[in-house]
2 protein chains.
Amino acid sequence: MTVSHRVEPQIVTTLDGAIAVLRSRGLRLSSTRRLMLEALLAAEGPVSAERVASRLNLDAASVHRNLETLERHGLVRHVHLGHGPGLYALLAGGEREYLYCDGCGAARAVPTKELDPLRRRIRERYGFEARFDHFPIVGLCSACAAAGGEERGRELAGPAAG
Amino acid sequence: MTVSHRVEPQIVTTLDGAIAVLRSRGLRLSSTRRLMLEALLAAEGPVSAERVASRLNLDAASVHRNLETLERHGLVRHVHLGHGPGLYALLAGGEREYLYCDGCGAARAVPTKELDPLRRRIRERYGFEARFDHFPIVGLCSACAAAGGEERGRELAGPAAG
DNA sequence: GCGCTGTTGCAAGCGGATTGCAGCTAGGCG
DNA sequence: CGCCTAGCTGCAATCCGCTTGCAACAGCGC
């Protein structure tokens, strides 16, 4: 969770690719690490450390430490969608930013450069360099907004969370 | 912390104003409540429940409950600036949205309507209704961005946090 | 003043994350 | 192929922010 800002991203899409990065960084490939990488590669979206740990029957502390290590080495990034736990994902699909619906918990991932115009606008107006990868744009998706933001609908289209 | 979305805002700038709202809602004015309202009126920016509790020598649970009550009745709003605790403020100055610098922890508050063009743009592009009052726009202020986002400088210009 | 009910403080508990530590193992080296 | 050690692991304890259960207390309408 406490990874210093801006780490050189390592885009990997295969286990071998990830292992190669580990090796090149002098990190070991423990069985725990291998399992985690496989799980992250197979994951649909960002997942919580807790979910990874329980699915793979691993110790939560180790999973947290590993995710932090992977993040420090640019293989993984985590995002805070609403109030829940941090959610981790490989950088397999390149860098992403998120729109998070506070109503239904759905997260929409978009390539970083897609929000560049928005970012530029904020920079021009406020001299502020916005990033939506670690903390997303939060609000209501069209469906929830239409529903008046009253019906939560947490049951449907649930969060990508863990 | 768990206040259902969109409560009719109650803009009050004086203790009497706040008390009037309480009364009209059938809420009591306990000494704890009075102290909290005074503290919130005197506060420069959003403050954490913990800070309120320790400053006033009150029980943290009570402070949390009270802040939630006040928020449920539209007198107070809370915002999540980065990783820390939720920060609470009266709606005295009207509704606000925030830009939070992940580098130095500084929060810039702007009137809600100032970000309406941005919001419109996001709505047009994504059919998404963004709000930056509960979860702010996060990134780097110009100073921190210029510093390469490396020097944290948490010591200076510290967070409005508690 | 009396009593009803909202509110309070304390203590316990919960979810998410971090830390200390002793033991294990990956993998470089001989 | 086996040794050695630094990196890693699981466990247990701890922390932080927040919530909940509960018995006692105190606003405030009468």
Side-chain angles (χ1 to χ4, degrees), chain A residues 1-4 18-37 46-73 75-76 78-88 134-135 159 161-162, chain B residues 1-4 18-37 46-73 75-76 78-88 134-135 159 161-162:
Chain A
M1 215 72 160
T2 317
V3 171
S4 64
I19 293 174
V21 173
L22 290 193
R23 291 261 139 83
S24 76
R25 305 305 203 93
L27 297 172
R28 290 189 188 166
L29 180 66
S30 65
S31 55
T32 292
R33 215 106 99 178
R34 164 175 243 119
L35 284 170
M36 286 180 58
L37 287 169
V47 293
S48 70
E50 165 56 27
R51 188 195 192 93
V52 172
S54 67
R55 290 270 170 119
L56 302 180
N57 238 282
L58 296 172
D59 181 70
S62 294
V63 169
H64 275 285
R65 277 185 293 226
N66 264 323
L67 288 169
E68 210 219 300
T69 298
L70 294 176
E71 189 160 15
R72 222 171 33 232
H73 286 85
L75 286 159
V76 155
H78 79 272
V79 60
H80 295 277
L81 301 184
H83 292 105
L87 303 180
Y88 295 77
H134 187 197
F135 291 103
Chain B
M1 215 71 164
T2 315
V3 174
S4 63
I19 293 175
V21 173
L22 289 192
R23 291 261 140 83
S24 76
R25 304 307 202 91
L27 297 173
R28 291 186 189 167
L29 180 67
S30 65
S31 56
T32 292
R33 215 106 96 177
R34 165 174 242 118
L35 284 170
M36 286 180 59
L37 286 170
V47 293
S48 71
E50 165 56 27
R51 188 195 192 93
V52 172
S54 67
R55 291 269 170 120
L56 303 179
N57 238 280
L58 296 171
D59 181 70
S62 295
V63 170
H64 275 285
R65 275 185 295 226
N66 264 323
L67 288 169
E68 209 219 300
T69 298
L70 295 176
E71 189 160 14
R72 221 173 32 235
H73 290 274
L75 285 160
V76 154
H78 80 271
V79 59
H80 296 276
L81 301 184
H83 292 104
L87 303 179
Y88 295 77
H134 187 196
F135 290 102

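The chains referred to below are lettered A, B, ... by the order of the sequence lines, with proteins before strands, and numbering in each begins at 1.
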In Å and rounded to the nearest 0.5 Å, what is the CZ to CD distance from B:R72 to B:E68? 5.0 Å

What is the distance from CG of A:D59 to P of C:dG20, rounded to the nearest Å? 16 Å

From C-beta outward on A:R28, which listed nucleotide comes closest to its side chain: C:dC4, D:dC11, D:dT5? D:dT5

In terms of the nearest nucleotide of DNA chain D, which residue is placed more toward the 5' end: A:N57 or B:A49? A:N57

Separation of D:dT20 P from B:E68 CD (nearest whole Å): 8 Å

Of all the nucleotides listed (D:dG10, D:dG17, C:dA17), which has the minimum atom distance to the side chain of B:P85? D:dG17

Figure out the CZ/P separation between A:R34 and C:dG27, and round it to whole Å. 9 Å

Remember a base hit wins even if backbone is also touched, and classify A:S62 as base, sugar-phosphate or nothing at under 4.0 Å, heavy atoms. base

Rounded off to whole Å, could you give me the CZ-to-C1' distance for the A:R72 and D:dG7 pair? 12 Å

Is the distance between the ring centroids of A:H83 and B:H134 under 6.0 Å? yes

Roughly how many Å is it from CG in B:L22 to P in C:dG6, rounded to a whole number? 15 Å

Side chain to side chain, B:L22 and B:H73, heavy atoms closer than 4.5 Å: no

Measure across B:A49 and B:H64 and return the closest heavy-atom pair with its distance rounded to 0.1 Å. CB-CE1, 3.4 Å

B:R65 (side chain) and D:dG21 (base): donor-acceptor pair under 3.5 Å: yes

Give one of base, sugar-phosphate or nothing for B:R23, where a contact means two heavy atoms less than 4.0 Å apart. sugar-phosphate

Using side-chain heavy atoms (C-beta onward) and a distance below 4.5 Å, is B:R23 in contact with B:I19? yes

With the side chain defined as heavy atoms from C-beta on, B:L29 is closest, among C:dA17, C:dC10, D:dC28, to D:dC28

Spacing of B:L56 atom CG relative to C:dG9 atom P, expressed in whole Å: 11 Å

C:dT8 phosphate, OP1 or OP2: any side-chain N/O from B:S30 under 4.0 angstrom? yes

Euclidean distance, atom NE2 of residue B:H64 to atom P of C:dT8 [Å, nearest integer]: 14 Å

Looking only at side-chain atoms of A:A61, point me to the closest of C:dA11, D:dC18, C:dT19. C:dT19

Determine: side-chain N/O of B:S31 to OP1/OP2 of D:dA26, distance under 4.0 Å, yes or no. no

Figure out the NE2/P separation between A:H80 and C:dG16, and round it to whole Å. 13 Å

